[in-house]
Number of protein chains: 2
Amino acid sequence: MSACKRIFADSGQINNCRKVIKDNQRFFADLSRIVALAGNEVRLKILFLLDEERELCPCDLSDILEMTIPAISQHLRKLKDGGVIQSRKTGQTIFYSVCTVQLPLLKLFFSMISGSPMEINA
Amino acid sequence: MSACKRIFADSGQINNCRKVIKDNQRFFADLSRIVALAGNEVRLKILFLLDEERELCPCDLSDILEMTIPAISQHLRKLKDGGVIQSRKTGQTIFYSVCTVQLPLLKLFFSMISGSPMEINA
DNA sequence: ATTGTATTTAAGTAACTGCTTAAATACTTA
DNA sequence: TAAGTATTTAAGCAGTTACTTAAATACAAT
């Protein structure tokens, strides 16, 4: 885009940055996709609840969050498609839980900011 | 919503969860707002670049990310409104940098997932 | 003062998100 | 096999997002 003609622009710096961004294109796409999943208030609550309770069914989540089952189900699908949660079926009930790989990320989300539920309800 | 009439639902568990969610309503709203900011691929790259280079102007970012200046400027505004970045003015140039308070969160975003730029370019 | 540079703001728009309701699927039990 | 329960899927729609282009603002230099 090069809209600026400034003198102090360090073209070495610019080119280096451009390279880093290009070389890691995939990383940024993947990470932003996952972070965006947690950037929705309902999904963040779902992740928090699954983390705390180990596993819950759509019906539980519907009761807790006071939302319709289809609304919950659609969020669960996004989280599952994103590889953040997994499911196990028992009879007609489907239990969802956080994929163990993603747990550290979640723990950090919830422990990082002061005044988090973890601290309050410790 | 209580759409399910299942026998095994633990109403104590449900009520406890409901309480935790309600008591921490503000926390979830605030955290999801910030996480959503980083959940956009362009903004994630901007945050990464500001973190790595210490500070950059909209013009630099436009060059690096190959996007128009207004597009960059609008992302910077959202990040600034969200309290994630700050700006300093020198002549006609405005330099943006990550608020120090938010740095730990960012470092984690970028270091957490295997194959991150940090590791690749160490 | 006038011209030029850096940035923001504003208006318009295409694409995406998250809900709703209704219908479909799948399992269970009578 | 019929009726009921748990869940998903699909269609529709209001609200939001992220870009585009054009205009406005602010500082610098001649």
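In what follows, every chain begins at residue 1, and chains take the letters A, B, ... in the order their sequences are listed. All of these numbers come straight from a predicted model, not from anything done at the bench.
A close approach under 4.0 Å does not occur between any side-chain nitrogen or oxygen of B/N40 and OP1 or OP2 of D/dT17. Phosphate contact (OP1/OP2 of D/dA18, side-chain N/O of B/K78, threshold under 4.0 Å): present. In this model, the phosphate group of C/dT8 is not approached by any side-chain N or O of B/R77 to a distance below 4.0 Å at OP1 or OP2. For the pair B/K89 and C/dA6, the criterion of a side-chain N or O lying under 4.0 Å from OP1 or OP2 is not met. Side-chain nitrogen and oxygen atoms of A/Y96 include none within less than 4.0 Å of the OP1 or OP2 phosphate oxygen of D/dA6. Listed pair B/T93 / C/dA6 fails the phosphate criterion, with no side-chain N or O lying under 4.0 Å from OP1 or OP2. For C/dT17, the OP1/OP2 oxygens have no side-chain nitrogen or oxygen of A/H75 closer than 4.0 Å.
Residue B/F95 is classed as having no contact, given no heavy-atom separation below 4.0 Å to the nucleic acid. As judged by a 4.0 angstrom heavy-atom cut-off over every strand, A/K80 is placed among residues making no nucleic acid contact. Using a 4.0 Å heavy-atom distance criterion, A/S73 is classed as a base contact.
One interatomic measurement links the two molecules: CZ of B/R88 to P of D/dC27, which rounds to 16 Å at whole-angstrom precision. Rounded to an integer number of Å, the gap from B/I94 CD1 to D/dA28 C1' is 14 Å. Distance A/E41 CD to C/dT17 P: 18 Å, rounded to the nearest Å. The separation between A/I46 atom CD1 and C/dG18 atom P is 11 Å, rounded to whole Å. If you measure from atom CG of B/L61 to atom P of D/dA18, you get 16 Å, rounded to the nearest angstrom. Between the C1' atom of D/dT7 and the CD1 atom of A/I85 lies a distance of 13 Å, rounded to the nearest Å. Protein atom CG of B/L76 is 16 Å distant from nucleotide atom P of C/dA6, rounded to whole Å. Between the P atom of D/dT5 and the CG atom of A/D60 lies a distance of 17 Å, rounded to the nearest Å.
The A/C59 side chain lies nearest to D/dT7 when the options are C/dT7, D/dT7, D/dC19. Taking every side-chain heavy atom of B/I69 into account, C/dT7 is the closest of C/dT7, D/dT8, C/dT20. Taking every side-chain heavy atom of B/T68 into account, D/dT20 is the closest of D/dC19, D/dT20, D/dT8. Closest to the side chain of A/P70, out of D/dT7, D/dT9, C/dC19, is D/dT9. Distances were taken from every side-chain heavy atom of A/Q92 (C-beta onward) to each of C/dT21, D/dA18, C/dC27; the shortest belongs to C/dC27.
Here B/F28 contributes atom CZ and A/E41 contributes atom CD; the two are 8.5 Å apart, rounded to the nearest 0.5 Å. Rounded to the nearest 0.5 Å, atoms SG (B/C59) and CD (B/Q92) are 10.5 Å apart. The distance from the SG atom of A/C57 to the OH atom of A/Y96 is 10.0 Å, given to the nearest 0.5 Å.
Inter-residue side-chain proximity for B/V20 and A/F48 is flagged as met; some heavy-atom pair is nearer than 4.5 Å. At a threshold of 4.5 Å between non-hydrogen side-chain atoms, the residues A/K45 and A/I64 do not count as touching.
On a pure distance criterion of 3.5 Å, no polar donor-acceptor pair joins the side chain of A/Q74 and the base of C/dT17.
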Exercise. When you look at A/I85 and A/I46, which way does the side chain to side chain contact (heavy atoms under 4.5 Å, CB included) test go after all the steps?
Worked result: CA-CA 10 Å; A/I85 64 173; A/I46 290 176; 5.6 Å; no
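Comparing A/A71 and A/G91, the nucleotide of DNA chain C nearest to each residue sits closer to the 5' end for A/A71.
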